[in-house]
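Some notes on the structure that comes next.
Letters go in sequence order (proteins before strands), and every chain restarts at 1. Source: prediction; values computed, not measured. Note that these values count all heavy atoms, side chains included, but never hydrogens, waters or copies made by symmetry.
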Amino acid sequence: MCGRYILAQQAKFERELRLGRIDWSFSARYNVAPSQSVPAVRVIEGVHEGVMMRWGLIPFFAHGVPPRYSTINASIERLQSAPAWRGPCKRGQRCIQVAAGFYEWHLEANGRKQPYFVHLTDHEIFGFPGLWDRSIAADGTVIDSCALVTVPANELLRDIHNTGAHPGRMPAILAPADFDLWLEGSAPQARAALRAYPARRMAAYRVSTRVNSPKTEGAELIEPARGDEPSALHLLRPVTLGSPPARCGRRGAPSTEPLVEQLAPPVHAEAATDGAQHERGAETHVCPDPPADRAEHYRADEGE
DNA sequence: CCAGACGTTGTT
DNA sequence: GTCTGG
DNA sequence: CCAGACGTTGTT
DNA sequence: GTCTGG
């Protein structure tokens with residue numbers, strides 16, 4: 001899963017995003033932690049806007065009070081059933097938390113928590129598909145917050161989280177070209193976008209435990225750990241672009257997760273805030289599905 | 001996610 | 001707000 | 001019916 | 001052990 005990540009410079013994201021409204025402000029970061037304000041893209045009335053939102057979703061029914069339980073990750077299996085995710089899902093409140101890489105921890109035999117930096121080898125930046133919600137505190141303060149979606153881990157992340165029994169988790173990841181699929185696609189298209197990124201287009205390496213503390217910051221956090229040796233985790237060497245497909249060789253049963261119900265199409269901001277408290281009026285506008293050809297364009301790339 | 005705190009009374 | 005547990 | 005929860009991951 | 005803060 002994902003509880004810490006990094007950001008590239010704001011301009012780098014804006015060059016790839018074609019935003020209609022820029023309401024965010026941030027610099028390159030190397031240790032973004034939950035509860036912090038993070039940059040995200042959402043579509044309001046057809047306008048792609050870059051905004052800052054609290055990472056750790058505060059449901060509208062929580063009235064601005066952060067829950068005691070964790071709401072930084074939304075498991076794909078629970079999007080439709082969990083109260084915290086269900087509302088945003090129904091209202092189509094999808095967003096993308098932009099990122100340039102993230103960290104995962106490997107618990108070693110001696111109890112040490114060894115962090116790994118994970119990134120894509122084919123894209124400098126990417127996005128975590130997420131959900132957002134708006135919560136209003138007793139004093140009227142409006143808080144927009146978000147959570148990123150997690151899926152069963154691919155080979156790379158499964159090895160970092162070397163737990164035996166269960167599959168292990170990782171954040172769903174979108175290449176820039178697929179951002180709009182999640183933000184504006186039909187329910188099935190958005191659903192299809194939630195997949196583990198192919199392991200062969202990702203790489204991971206050990207970094208200093210300095211990143212363990214959420215108070216540290218700086219580019220040195222993503223430098224390879226000093227004195228690194230080929231570890232027992234032989235699979236954790238960087239994977240290079242164009243490496244052999246490594247297709248087949250599927251070990252174990254393919255994880256047959258129960259199919260998640262469909263997501264609602266995105267709706268307007270008014271519907272998002274009003275719809276929660278009131279009956280849907282006839283004027284409530286639901287975005288029409290985009291042309292279906294996009295669905296074909298989105299080729300399945302499973303099997304990692 | 002990890003790190004760090006985890007409590008009270010009553011005030012220099 | 002909505003669902004589960006008692 | 002009302003009260004209480006509302007979440008995730010990994011368990012070296 | 002468990003919760004809060006970043």
Side-chain angles (χ1 to χ4, degrees), chain A residues 1-7 26 29-38 52 54-91 93 97 99 101-118 128 130-131 133-136 145-153 157-172 196 204 207-218 221-222 232-233 257 264 271-280:
Chain A
M1 51 92 71
C2 185
R4 217 73 75 77
Y5 64 95
I6 79 164
L7 293 170
F26 61 97
R29 294 279 310 279
Y30 300 87
N31 200 358
V32 175
S35 81
Q36 295 177 349
S37 183
V38 300
M52 303 300 292
R54 179 191 198 268
W55 181 22
L57 187 142
I58 303 174
F60 88 95
F61 56 74
H63 303 289
V65 181
R68 298 173 161 280
Y69 49 91
S70 173
T71 53
I72 64 172
N73 294 150
S75 77
I76 186 173
E77 296 86 354
R78 298 256 298 147
L79 291 185
Q80 289 296 127
S81 53
W85 317 137
R86 186 181 168 171
C89 242
K90 275 195 317 196
R91 299 190 286 275
Q93 290 166 190
Q97 289 178 239
F102 61 100
Y103 300 99
E104 291 286 354
W105 277 263
H106 179 84
L107 192 55
E108 300 186 327
N110 59 14
R112 213 176 86 101
K113 288 171 184 169
Q114 172 63 57
Y116 283 77
F117 176 64
V118 186
F128 297 118
L131 298 171
D133 205 355
R134 173 165 295 176
S135 205
I136 302 176
S145 56
C146 55
L148 61 85
V149 178
T150 65
V151 297
L157 277 300
R158 202 153 53 223
D159 285 332
I160 295 178
H161 273 308
N162 65 336
T163 123
H166 295 298
R169 309 289 298 179
M170 67 176 282
V207 294
S208 163
T209 54
R210 289 185 53 241
V211 77
N212 286 19
S213 169
K215 291 179 179 176
T216 60
E217 181 54 84
L221 293 178
I222 63 168
L233 301 166
E257 301 295 331
T273 50
D274 295 340
Q277 293 96 330
H278 311 305
E279 291 288 352
R280 292 298 180 97

TODO: Determine the Euclidean distance between corresponding C1' atoms of dT8(B) and dG5(E); express it in Å to zero decimal places.
DONE: 22 Å
- [ ] Quote, to the nearest angstrom, the P distance that separates dA5(D) from dG4(B).
- [x] 30 Å
Task: For W55(A), the option from S145(A), S35(A), P34(A) that meets side chain to side chain contact (heavy atoms under 4.5 Å, CB included) - done: P34(A)
Open item on the list: Output the rounded distance in Å from CE (M170(A)) to P (dC1(B)).
Closed with: 15 Å
Open item on the list: What's the gap between dC2(B) and dT12(D) when it is taken at their P atoms, as a whole Å value?
Closed with: 14 Å
Open item on the list: Rounding to an integer number of Å, can you tell me how far H63(A) NE2 sits from dT2(C) P?
Closed with: 13 Å
Open item on the list: Under a 3.5 Å cutoff, is there a donor and acceptor pairing between the side chains of T216(A) and R210(A)?
Closed with: no
TODO: Give the dot-bracket string for DNA chain C, reading 5' to 3', where a pair is Watson-Crick or G-U wobble with both distances under 3.5 Å, ( ) marks pairs inside the strand, [ ] marks pairs crossing earlier ones, | marks a partner on another strand, and . marks unpaired.
DONE: ||||||
- [ ] For nucleotides dT11(D) and dA3(B), find the distance between their P atoms and express it as a whole number of Å.
- [x] 15 Å
Open item on the list: Using the ring pair (Phe, Tyr, Trp, His ring centres under 6.0 Å) definition, which of the options F102(A), W105(A), Y103(A), Y5(A) pairs with F117(A)?
Closed with: Y103(A)
- [ ] Could you check whether S35(A) gets within reach of a base, just the sugar-phosphate, or nothing at all, counting any heavy atom under 4.0 Å?
- [x] base
Open item on the list: Need one value for A74(A): base, sugar-phosphate or nothing, where a base atom within 4.0 Å counts as base even if backbone is also close, heavy atoms only.
Closed with: sugar-phosphate
Task: Whole-Å P distance, dG7(B) and dT4(E) - done: 11 Å
